[in-house]
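Input: a single structure, listed below in structure tokens.
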Amino acid sequence: MQNNCIYLDNNATTKVDPEVIEVMLPYLTDYYGNPSSMHTFGGQVGKAVRTAREQLAAILGADESEIVYTSCGTEGDNAAIRAALLAQPEKRHIITTQVEHPAVLNVCKQLETQGYSVTYLSVNHQGQLDLDELEASLTGNTALVTIMYANNETGTVFPIEQIGLRVKEYGAIFHVDAVQAVGKIPLNMKTSTVDMLTLSGHKLHGPKGIGALYIRRGVRFRPFMIGGHQERGRRAGTENVPGIIALGKAAELELLHLEEATARERKLRDRLEQTLLATIPDCVVNGDVTQRLPNTTNIGFKYIEGEAILLSLNKYGICASSGSACTSGSLEPSHVLRAMGLPYTTLHGSIRFSLCRYTTVAEIDQVIEVMPSIVERLRALSPFKNDDAGWLQEQEQALLGVRS
């Protein structure tokens, strides 16, 4: 299965680059010293960590002193949100969007129970924000605006710099979850309006368990990991040296391949998307088809369920993901697609294909070959057709009734 796998689920996680593994391994074996130690054995490890920090800073267009290592994107989002609020205890308002990752949404929901007011900005049918709604939501009491750079399900890219300009007028801190954007979109924090930015190693061909938070110089930051002096006192705990070295190399390689890889991924993505739309009736692309990540397409196949499509693809060794929570046995669709106001017949049959620089033409063509027959077979078994969403709506109402 592993040798024959066609992996198109790269927004979930990516293959670790062999060069990344090569530079990482010695720090699991020979160079195991603590980078904070005073002796030479630890000092050489500390030097390697500094080099890796510079490599990561380069892909962000940032200074190495503005990088704080974390364990993952979720920790980075949590650290940024809580630090922004601790630095401004007199302010009690947060702005985010309805389509954020749970690492942001669930923190905001918890903060509402602690007396904070949260505005969840809506999106249109293309998954884009209304900047006038943002403007109307900003007040002098707004402590933080936290908005993702690119949506993990649809690939829709938000106008981050335009958002940041509005946020700055009100003196709020601007945090961006860029987990899906780093390595896919050119970034330059030196000219950006972003105050804090989250990234995760396993989304850019690095290992799991390592991430980072960019904190612009001058932004007040109160850590919630308290202990030693590591990360200039901003995140205590002995450094994950192998992960840090790996993330530095992964960032270096992503920056090296950025222009070539994104152009190639966009071409393959478009080949897949356009052919499926031309050969399979009643399917549609979800999200903004112009402002989106080059590697991502989310396609809604009407009248069938995403779970059934994924199971059928899996028989061919094809890995993709569903925009619907039905993959866990629920009939309730994803919060992202629901916020976009898509019809029920599209919501439930939406599949995300996400590519990377290892994706080949042959793999894309294999998906193109098998998808029409999969969709045709499943539609023949479908209990609803012709945009009649009544069956799904009844099932969902029944489900909501059970939950309540």
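These values consider heavy atoms only, across backbone and side chains, with no hydrogens, waters or symmetry-generated copies.
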- Query: Would K15 count as a cation-pi partner of Y7, with NZ or CZ less than 6.0 Å from the six-membered ring centre and within 45° of the ring normal?
  - Reply: no
- Task: Evaluate the side-chain proximity of L85 to R222: yes if any heavy-atom separation is below 4.5 Å, no if none is.
- Result: no
- Side chain to side chain, R379 and P281, heavy atoms closer than 4.5 Å: yes
Does the side chain of [X] come under 3.5 Å of the side chain of [Y] through a donor N or O and an acceptor N or O?
X	Y	value
T156	N151	no
S65	D63	yes
S71	E75	yes
Q110	T113	no

Identified side chain to side chain donor-acceptor pair (under 3.5 Å) counterpart of [X] within the set [options]:
X	options	answer
T193	E161, R166, K168, Q162	E161
N11	N298, T296, N152	T296
H175	D195, T96, T198	T198

- Item | Test: E64 and R232 ion pair at under 4.0 Å | yes
- Message: So that I can tick it off, tell me whether E231 and R53 are bridged by a salt bridge, with the cut-off set at under 4.0 angstrom between side-chain N and carboxylate O.
- Response: yes
- Message: Heavy-atom count check: over 12 atoms from other residues, nucleotides or ligands less than 6.0 Å from Y32 OH?
- Response: no
- Task: Give a yes or no on this: more than 12 heavy atoms of other residues, nucleotides or ligands lie within 6.0 Å of atom CD of E260.
- Result: no
- Assign the ring pair Y27 / Y31 to parallel, tilted or perpendicular, where the plane angle (0 to 90°) is split at 30° and 60°. tilted
- From CD (Q291) to OG1 (T154), nearest 0.5 Å: 12.0 Å
Quiz: residues 117-128 side-chain donor-acceptor pairs under 3.5 angstrom, not counting sequence neighbours:
from	atom 1	to	atom 2	distance (Å)
T119	OG1	H93	NE2	2.8
Y120	OH	E112	OE1	2.8
S122	OG	E133	OE1	2.8
N124	OD1	Q126	N	2.9
N124	OD1	G127	N	3.1
N124	OD1	Q128	N	2.9
H125	ND1	M340	O	2.7
Q128	NE2	V157	O	2.9
Q128	NE2	D288	OD2	3.2

Using residues 37-45 as the side-chain source, report each donor-acceptor pair under 3.5 Å to any protein atom, sequence neighbours left out, with the distance given to one decimal.
from	atom 1	to	atom 2	distance (Å)
S37	OG	N34	O	3.3
H39	ND1	G42	N	3.0
Q44	NE2	F41	O	3.4

